[in-house]
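Below is one structure, written out as structure tokens; comments come after it.
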Amino acid sequence: MADLVCHVCIWFLVAALTAASETPRTELGLVPLVGGDTDIGVGFGFLGSLARVDPAVRPYRWRIESAGFFSFKKPDGGSLTAPYQDAFVMATIPGLMGGRARLELRPSFTRETNLRYYGLGNASVAPDEEVPARDFYERVHPTMAARGRFELGGGLAVLAGTMYVYNAVDFRPESTLAMDLASTDQNVRDLLLVDRRFGVHLVEAGLAFDRRDDEIAPARGQFHTVKVRLSPGGFDAQPYEYVQTTAVTRFYLPIVPGRLVLATRQVADALFGSPPFFELGRFGDDSSAIGGANGVRGVPADRYLGKVKVFGNLELRLLAARFSMWGSPYTLGVAGFIDGGRVWSKPEFDGTGLGLKWGTGGGVRLQKGSTFVIRADVAWSPDARPIGGYFLGGHLF
């Protein structure tokens, strides 16, 4: 689900279809949402998960996860608009091919009219006051992705997948994006590749090393991935030819067994060739890197653009309480975190010195059964306006 700053989130959990036990069961989690901000207005949505848990298949026999958020806004003197729409469904089936393979299918649709563009590089400067016509652009991108994973043994697995994304990009003639597109600076033209309507077909392959004790809420172990994604491009409907490489390491260290966990993630992402401009702010599966709910929290999403992104996250996770409600087990936790990183584009856009962008904050984690986790985080950063708030499904990593 795309990044969303929530000032108000009202939620509750629907009880499981059956009580937790060591026998096969179905777990259902559902979280209604009400929230929004000054950019997108007021919206409504949900987070949900339906899973079939079976002790014979780890971590579950199958799982269907879904989320959606839709906002509405009425500008002063204007008519009602729908500036933000986001929804996805992901079906995961592990235990294939004798338990060694899994399949993921994920259709999604996202429309955002308030994506920021302040310029290129790690030293780009945000204006004191945002003007939507100048600082925002719109992107609509329905996506279909299919991924597979095959276990080789000893925690090592092969990854493969394919994805198609249709993109529709719009911006105002007076926007900073339009001004930079008209620049005579060759360095700007090398990085800022913008088409209004186009598709991107990606194929990917990689390796994973997974020795976590639990996939949903790990308390010890490690999980690392290296992935290469290729956009062959080469014709009008799919003009972008580029390669993306992403390496992610994750470690989970129990400080107080069963109670306190130190979790870390380190990410390095590099683009080669000619990617569309919005990929300069993203890593992995269309997630913001230096900013947003899945990268450096507290910094606005897609705030800094460059072909190389490096960042890390450090979380201290405390299990605060376990309880039962409506026959289902729950685990309540809290977390404190600090995130930091930077991008590299061209030396003239990146400034001098360390250039570290960072954010810090804390949040609440609530796990229902063994397959559904929600997290609510609040983060502050020198780039925040004034803080970032995030409400999503699953741990950050």
Side-chain angles (χ1 to χ4, degrees), residues 2-3 112 115-127 130 135-137 139 169 176-177 179-181 183 185-194 200 225-229 231 240 242-249 264-314 337-360 379-385 388 390 396-397:
D3 305 326
E112 301 164 281
L115 295 170
R116 295 171 175 85
Y117 178 84
Y118 300 141
L120 298 167
N122 200 66
S124 61
V125 178
E130 286 184 336
D135 301 322
F136 292 170
Y137 70 92
R139 181 182 171 217
V169 177
T176 302
L177 180 56
M179 300 296 182
D180 279 2
L181 281 173
S183 173
D185 187 337
Q186 185 62 46
N187 290 311
V188 175
R189 294 202 301 270
D190 287 344
L191 288 170
L192 198 59
L193 305 178
V194 181
V200 174
T225 57
V226 177
K227 189 182 295 185
V228 178
R229 306 171 81 187
S231 170
Y240 293 98
Y242 66 95
V243 174
Q244 180 183 36
T245 61
T246 307
V248 184
T249 65
T264 72
R265 180 181 69 167
Q266 300 76 39
V267 179
D269 185 275
L271 292 160
F272 305 91
S274 303
F277 80 101
F278 50 77
E279 291 294 350
L280 301 177
R282 298 185 167 251
F283 79 100
D285 302 329
D286 205 37
S287 294
S288 176
I290 311 302
N294 296 311
V296 178
R297 288 162 287 188
V299 179
D302 301 320
R303 170 64 183 85
Y304 295 97
L305 307 181
K307 279 195 170 183
V308 177
K309 284 84 67 177
V310 174
F311 66 92
N313 313 94
L314 180 68
F337 58 83
I338 185 167
D339 308 330
R342 65 162 294 167
V343 306
W344 285 265
S345 56
K346 299 269 188 177
E348 49 268 59
F349 303 141
D350 294 336
T352 59
L354 183 60
L356 183 69
K357 315 302 177 185
W358 62 279
T360 185
W380 177 87
S381 163
D383 290 291
R385 296 186 172 215
Y390 312 100
L396 176 62
F397 58 93

(message) Tell me the closest heavy-atom pair linking I290 and V310, and the distance in Å.
(response) CD1-O, 4.1 Å
(message) Looking at every non-hydrogen atom in both residues, tell me the closest pair between G298 and A379 and how far apart they are.
(response) N-CB, 3.5 Å
(request) Without swapping roles, check the side chain of R303 against the backbone of R116 for a donor-acceptor pair under 3.5 Å. (result) no
(request) Pick out which of L280, V296, V299 makes a side-chain contact (heavy atoms from CB on, under 4.5 Å) with Y304. (result) V299
(request) Decide, yes or no, whether a salt bridge links R139 with D286 under the criterion of side-chain N to carboxylate O below 4.0 Å. (result) yes
(message) Whether K309 and D269 form a salt bridge (side-chain N of Lys/Arg under 4.0 Å from carboxylate O of Asp/Glu) is what I want to check.
(response) yes
(request) Over all heavy atoms of both residues, which pair between F283 and V267 is shortest? Give the atoms and the distance, please. (result) CD1-CG1, 3.9 Å
(message) Using every non-hydrogen atom in the two residues, find where L115 and E112 come nearest and quote the distance to one decimal.
(response) CD2-OE2, 3.6 Å
(message) Has S231 got a side-chain atom pairing as donor or acceptor with Y242's backbone, closer than 3.5 angstrom?
(response) no
(request) Output, in order, the C-alpha distance, side-chain angles, deciding distance and verdict of side chain to side chain contact (heavy atoms under 4.5 Å, CB included) for V169 and F277. (result) CA-CA 11 Å; V169 177; F277 80 101; 4.2 Å; yes
(message) Let me confirm one number: the CG-CD distance from N187 to E348, rounded to the nearest 0.5 Å.
(response) 4.0 Å
(message) As an exercise, state the distance from OG1 of T176 to OH of Y117, rounded to the nearest 0.5 Å.
(response) 7.5 Å
(message) So does R342 get a backbone contact from the side chain of N122, meaning a donor-acceptor N/O pair under 3.5 Å?
(response) no
(message) Using the rule side-chain contact (heavy atoms from CB on, under 4.5 Å), only one of L396, I338, N294 pairs with N313; which is it?
(response) L396
(message) Using a 3.5 Å distance criterion without hydrogens, assess whether the side chain of S381 forms a donor-acceptor pair with backbone atoms of W358.
(response) yes
(message) Using only atom types and a distance under 3.5 Å, with no angle test, would you say the side chain of K307 pairs donor to acceptor with the backbone of G273?
(response) yes
(request) Would you check if L177 and L192 make a side-chain contact, meaning some heavy-atom pair closer than 4.5 Å? (result) yes
(request) State, to 0.1 Å, how close G351 and A123 come at their nearest heavy-atom pair, and which atoms those are. (result) N-CB, 3.6 Å
(message) Measuring only between side-chain heavy atoms, which start at C-beta, is L305 closer than 4.5 Å to F349?
(response) no
(message) Between S124 (side chain only) and Y118 (backbone N and O only), is there a donor and an acceptor less than 3.5 Å apart?
(response) no
(request) Using the six-membered ring of F337, assess whether NZ or CZ of R297 lies under 6.0 Å from its centre and within 45 degrees of the ring axis. (result) yes
(message) Among residues at least two apart in sequence or on other chains, which ones pass side-chain contact (heavy atoms from CB on, under 4.5 Å) with A270?
(response) T245, F272, V308
(message) For the backbone of G284 and the side chain of R229, can you confirm whether one donor and one acceptor N or O come within less than 3.5 Å of each other?
(response) yes
(request) Begin with the C-alpha distance, continue with both residues' side-chain angles, and end with the deciding distance and a verdict on ring-ring contact (aromatic ring centres under 6.0 Å, His included) for F278 and Y137. (result) CA-CA 10 Å; F278 50 77; Y137 70 92; 7.6 Å; no
(request) Could you grab the distance from atom CG of D339 to atom OG1 of T360, nearest 0.5 Å is fine? (result) 8.0 Å
